[in-house]
Amino acid sequence: MSSLVIRNGYIVGEDSVEVGDVLIVDGVIAATGDVGETPSHAVEIDAEGCWVGPGFVDLHTHLREPGREEAETIESGARAAAVGGFTALVAMPNTEPPLDNAALVAYVLEQGARTPLDIAVAGAITVGREGEKLAPMAEMAALGVRLFTDDGVGVQDPSLMRRALTYAAPLGVRLAQHCEDELLAAGGAMNEGPLSSRLGLGGRPALAEELMVMRDIELVRLTGGSLHFLHLSTARSVAMAIQARREGLDVTFEVAPHHFTLDENSCEGFDPIFKVHPPLRGAPDVLALREALRAGLVDAVATDHAPHAPELKDLPFDEAPPGMLGLEHVASLTFEALGATPDVASLLFEVLSRGPARIAQLRRSDARHRLSAHGGALVTGEDANIVVFDPHARWLVQSENLQSRAKNTPYDGRELSGRVRSTVAKGRLIVNEGLLV
Amino acid sequence: MIDSIRGQNLLTLDDLSSRAIVEILDTAESFVEVQRRSVKKVPALKGHVVASLFFEESTRTRLSFETAAKRLSADVLSLAVASSSVKKGESLRDTISTIDALGIDAVVMRHSSSGAAVQVSRYVPHVRVINAGDGQHQHPTQGLLDAFTVRQILAERHATSGLESGAELFKGLHVLIVGDVRHSRVARSDIHAYTALGAEVKVAAPGTLLAPDMTKWPVTVADDFDEALQWADVVGLLRLQRERGSGSLVPSLAEFTSTFGLTVERARMLRPETIIMHPGPMNRGVEIDSRVADLPTAAIARQVSNGVPVRMATLFLSMAGLKKDGSI
């Protein structure tokens with residue numbers, strides 16, 4: 001019998017924060033509040049001044065395995081996630097080859113099961129992510145896949161997207177779209193605007209994203225399907241998704257940390273570390289995303305953690321691959337964006353844990369697919385996926401100290417507020433004092 | 001804003017003040033004289049190594065830079081590199097590190113990607129980097145030699161010298177830039193050089209060949225090309241860059257020529273003293289009629305010959321302060 005006590009933290013519930021302990025026995029929360037004397041064999045964590053809440057869930061992680069193991073593996077990605085406070089993540093299917101069939105999905109699930117976290121998988125919507133023919137979604141769903149996406153690109157063909165939504169609906173799964181019309185964004189390396197124009201870099205216009213958001217909202221209306229918008233980056237995209245949700249459509253959306261912390265001016269020095277799709281936008285869009293976050297209108301913050309080998313980020317800007325790291329600093333960046341005050345605790349856990357867990361259908365444990373429950377309240381009987389977040393800590397991001405195999409963080413050398421102190425995954429203490437156990 | 005490129009890289013004209021540009025033009029004037037000597041060489045960069053690194057094909061710019069470096073007595077390492085580093089499987093950082101290992105003081109670099117020279121300048125901070133054209137971003141020495149050529153011609157007309165006139169002759173000068181602004185690094189450098197020196201710049205092009213969002217550019221877009229031609233003191237034509245897809249941005253080359261080409265009929269609308277410029281290579285019959293290119297007011301050949309002293313000035317100033325033989 002293993003046990004663990006988290007002492008004297010602020011236990012963050014959906015709309016309440018209470019000081020107390022959490023006793024974990026055999027992977028499950030055994031008691032909360034004042035749990036009294038610690039059993040002699042128990043590990044004890046002092047969480048005084050810290051927030052104790054459900055472990056974070058990332059809807060959008062590129063683990064790169066199979067195919068790009070020099071950038072990241074399932075194992076190294078899981079370590080980075082653990083340090084970032086995650087107890088579950090959804091692995092994106094744009095691997096090489098892409099996760100577009102049951103055998104490949106099974107491989108990633110198998111490797112994922114060797115890590116302390118719950119690694120869920122998003123399957124591809126189309127064969128080879130080529131946007132031409134539906135992938136065997138039902139076969140993948142039978143393995144527990146709950147999200148499908150061609151992420152990296154969106155499904156360009158509206159009639160195929162309509163078919164995918166219609167096909168997916170009875171499977172009880174959700175599609176996730178990378179919204180960018182690739183014809184409109186063709187040849188683009190950064191946000192289109194006066195800056196791209198001056199720098200002589202091809203632009204990816206905001207409209208390329210917004211048109212697809214608009215199109216897909218109407219396709220959801222038409223089909224009654226379920227859709228999650230990945231990494232929305234413009235004020236209009238976010239406004240449209242919020243409006244669609246208000247109208248009762250089954251639409252959810254995420255924002256990525258780089259889109260609410262960095263703007264297009266970062267591209268001024270042509271450093272490919274800042275190249276990402278959708279691109280970093282102008283300051284008004286960044287502000288709109290932060291406002292939506294603070295107002296509690298965002299369903300999830302998701303990292304779009306995209307590791308790349310260093311030599312690929314030493315290519316010219318237009319040739320370098322898009323994407324940047326996210327797992328290890330997203331909690332701090334979100335905390336800062338929310339205002340870094342004590343009253344944002346519930347919101348922080350909403351966007352990093354409860355919201356994404358709902359979207360990924362990880363709220364309930366699923367014994368058949370070996371997945372525990374995430375994003376719930378810290379109550380007796382619940383699976384012990386827990387993070388201890390210290391809102392008073394400050395730390396310096398140093399790329400060489402990151403757990404990720406790749407080093408392409410745009411925040412190198414930046415001091416951040418708030419830090420994940422401990423991560424408990426399925427009852428096991430895997431990160432303590434910010435370090436892997 | 002930078003007031004002098006002494007000891008600095010030259011990556012863009014965007015951040016150069018009028019003073020910095022005038023310093024380069026003035027330095028170039030002193031090198032014009034070297035060109036007229038029987039021994040066309042000065043020892044200014046003796047013992048220094050300049051690498052010329054052209055990832056993208058170029059004849060005139062490369063020859064011009066290499067001639068400039070040799071006239072300053074520098075040793076020139078000339079390297080031809082495949083056009084795409086990706087195809088070659090080598091990153092920009094690796095390519096430049098290899099060349100740096102040979103021992104170089106400066107690198108003159110051309111690349112088909114915007115910003116490549118800026119990136120390289122970060123990889124080898126101890127080497128002076130001169131941008132000889134990067135994608136659709138900047139071609140600083142072209143902007144400088146265009147300004148130099150205009151000043152030289154105007155100075156001759158005013159019976160003064162470039163050196164004495166400083167930036168004076170550019171005050172209120174009307175410069176019209178015509179054609180494929182969207183893909184043109186020359187336009188981006190020219191516009192900054194002319195406006196920094198005090199000129200007023202208009203651009204004329206089909207909408208699709210203007211840059212996508214020019215709201216922050218210090219230029220106005222001409223409503224009427226023919227009127228703008230009458231307004232202009234200088235007309236700078238740009239090469240239609242078919243290799244970058246300009247062809248698909250206009251319905252046909254013939255339509256481009258009939259609407260924005262400098263045809264013989266249009267050339268007649270120019271005032272007789274208006275200077276006609278083109279950075280080359282020209283698409284004769286597309287953006288410029290052959291007969292117009294050969295008019296006495298066309299400064300095209302002069303642009304080419306001015307390339308050498310302007311590039312000598314650029315190398316000389318940029319490499320100032322590098323300690324070798326005490327010669328600089």
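Because the structure is a prediction, the values reported are computed rather than measured. Sequence lines set the chain letters: A, B, ... in the order given, protein chains first and strands last, and positions in each chain run from 1.
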*Asks:* Let me see the working for B:Asp213 and A:Ser197 under side-chain hydrogen bond (donor to acceptor under 3.5 Å, both in side chains), right down to the final yes or no.
*Replies:* CA-CA 6 Å; B:Asp213 190 336; A:Ser197 182; over 6 Å; no
*Asks:* For chain A, which of B:Arg93, B:Lys216, B:His192 has the most heavy-atom pairs under 4.5 Å?
*Replies:*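 The residue among B:Arg93, B:Lys216, B:His192 with the greatest pair count is B:Arg93.
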*Asks:* Taking side chain as everything from C-beta outward and backbone as N, CA, C, O, which of these in B:Arg122 sits under 4.5 Å from a heavy atom of chain A? Side chain, backbone, both or neither.
*Replies:*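 For B:Arg122, the side chain is the part near chain A, not the backbone.
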*Asks:* What's the separation between atom CG in A:Asp318 and atom NE2 in B:His111, rounded to the nearest 0.5 Å?
*Replies:*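 Separation between the atoms: 8.0 Å.
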*Asks:* Taking B:His137, B:Met214, B:Gln136, B:Arg182 one by one, which has the highest count of heavy-atom pairs under 4.5 Å against chain A?
*Replies:*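 The residue among B:His137, B:Met214, B:Gln136, B:Arg182 with the greatest pair count is B:His137.
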*Asks:* Is B:Arg188 in contact with chain A via its backbone, its side chain, both, or neither, using a 4.5 Å heavy-atom distance?
*Replies:*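 B:Arg188 touches chain A through side-chain heavy atoms alone.
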*Asks:* Any donor-acceptor pair under 3.5 Å linking the side chain of B:Ser114 with the backbone of A:Gly200?
*Replies:*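 Yes.
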*Asks:* For the atom pair CZ (A:Phe270) and CG (B:Leu11), what is the distance rounded to the nearest 0.5 Å?
*Replies:*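 Nearest 0.5 Å value for the CZ-CG distance: 9.5 Å.
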*Asks:* Within a radius of less than 6.0 Å around CZ of A:Arg236, do more than 12 heavy atoms belonging to other residues, nucleotides or ligands occur?
*Replies:*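 At most 12 heavy atoms, drawn from other residues, nucleotides or ligands, come within 6.0 Å of this atom.
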*Asks:* Measure from the side-chain N and O atoms of B:Gln119 to the backbone N and O of A:Leu315, and report whether any donor-acceptor pair falls under 3.5 Å.
*Replies:*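 Side chain of B:Gln119 to backbone of A:Leu315: a pair is present.
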*Asks:* Heavy-atom pairs under 4.5 Å with chain B - which of A:Leu312, A:Leu195, A:Leu199 has more of them than the others?
*Replies:*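 Answer, by heavy-atom pair count under 4.5 Å with chain B: A:Leu199.
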*Asks:* Could you measure the distance from the CD1 atom of B:Ile191 to the CZ atom of A:Arg198? Nearest 0.5 Å is fine.
*Replies:*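 Reported value, rounded in 0.5 Å steps: 12.5 Å.
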*Asks:* Please step through side chain to side chain contact (heavy atoms under 4.5 Å, CB included) for the pair A:Phe317 and B:Val118, ending with a clear verdict.
*Replies:* CA-CA 10 Å; A:Phe317 199 94; B:Val118 180; over 6 Å; no
